[in-house]
Amino acid sequence: MGFLDILLGRTKAVAPDLDQLFGLPSAALTLQAAAGFTPTGTGAVCFASVEGGAFAQAHQEVQELLDADAERTGPPVEVSRDEYGYSWLVSRRDPDDLPALVGDLHAVNSALEGSGFGPQLLCSVAGFQDTGQRRLGLVYLYKRGTFYPFAPLAGEAQRRDNALELQVKAALADDLRIEQDLSRWFPIWGAPGL
């Protein structure tokens, strides 16, 4: 960072660190102990679709890579599109196999990044729920290299459980790199698995 950047208040962008995703299994143990949430076995990567053959080919290769996993026992990887036009590549694993789900999320992000489509990556989310069927997503912001909790309220039209989100933030502070700027805790309404 240069002298003019300091004077003008500009900051350097945080580089994505996909290896942060591998912190999710240990964070899941903390989350279960602190708040009673366990993995649902569903995770997804959200990205802005791009027109063109190169992106379509990269997208197809990623899906084929994950579908070829011989240990996958559930449904194949699926692609969905939300009401905002973003694409979600969804992986479902056994809820007890969070490391495999994290591997899927990492592989999707790495493959798209390696194909030159890193700017299209928005976030990844792993789903959790408690015994009362409350839902929670741990969201990884690709461009920030940080996580935040997202807790939609069941039966409520686009309302969040802010108290739960702050509780999870405090509980996971030692396990994950938590996004400190709460204005970046974007709602991901309609995200697969939440």
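As the structure is a prediction and not an experimental result, all values here were calculated from the model.
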### Query
Which pairs count as ring pair (Phe, Tyr, Trp, His ring centres under 6.0 Å) when at least one residue sits in residues 157-183, sequence neighbours excluded?
none
Of the non-hydrogen atoms in [X] and [Y], which two are nearest, and what is the gap between them?
{"X": "L21", "Y": "S124", "answer": "CD2-CB, 4.5 Å"}
{"X": "L105", "Y": "A44", "answer": "CD2-N, 3.5 Å"}
{"X": "R134", "Y": "F37", "answer": "O-CE2, 3.4 Å"}
{"X": "P187", "Y": "W189", "answer": "CB-NE1, 3.3 Å"}
{"X": "P39", "Y": "L98", "answer": "CG-CD2, 4.1 Å"}
{"X": "C123", "Y": "W88", "answer": "SG-CH2, 4.1 Å"}

Would you say [X]'s side chain and [Y]'s backbone share a donor-acceptor pair under 3.5 angstrom?
{"X": "Y140", "Y": "A126", "value": "no"}
{"X": "T40", "Y": "G127", "value": "yes"}
{"X": "K143", "Y": "L122", "value": "no"}
{"X": "S26", "Y": "G23", "value": "yes"}

### Query
Do T146 and R177 meet the criterion of a side-chain donor-acceptor pair at a distance under 3.5 Å?
no
Not counting sequence neighbours, list each pair that qualifies as a salt bridge (Lys or Arg N to Asp or Glu O under 4.0 Å) and has a residue in [range].
{"range": "residues 27-50", "value": "none"}
{"range": "residues 178-194", "value": "R144-E179, D181-R184"}
{"range": "residues 25-34", "value": "none"}
{"range": "residues 109-119", "value": "none"}

### F22 side chain reached by P99 side chain, heavy atoms, under 4.5 Å
no
### Query
Does some side-chain heavy atom of V102 sit less than 4.5 Å from a side-chain heavy atom of P25?
yes
### Task
Give the C-alpha distance, both sets of side-chain angles, the deciding distance and a yes or no for side-chain contact (heavy atoms from CB on, under 4.5 Å) between Y148 and F186.
CA-CA 9 Å; Y148 69 90; F186 305 110; 3.8 Å; yes
## Note on the structure
Here the gap from F47 atom CZ to Y142 atom OH, rounded to the nearest 0.5 Å, amounts to 13.5 Å
### same_hphob_cluster(L29, L31) at 4.5 Å side-chain heavy-atom cutoff
no
Would you give me the side-chain donor-acceptor pairs under 3.5 Å for residues 163-173, sequence neighbours excluded?
{"residue": "E165", "atom": "OE1", "partner": "R160", "partner atom": "NH2", "Å": "3.3"}
{"residue": "E165", "atom": "OE2", "partner": "A151", "partner atom": "N", "Å": "2.9"}
{"residue": "E165", "atom": "OE2", "partner": "R160", "partner atom": "NE", "Å": "3.0"}
{"residue": "E165", "atom": "OE2", "partner": "R160", "partner atom": "NH2", "Å": "3.4"}

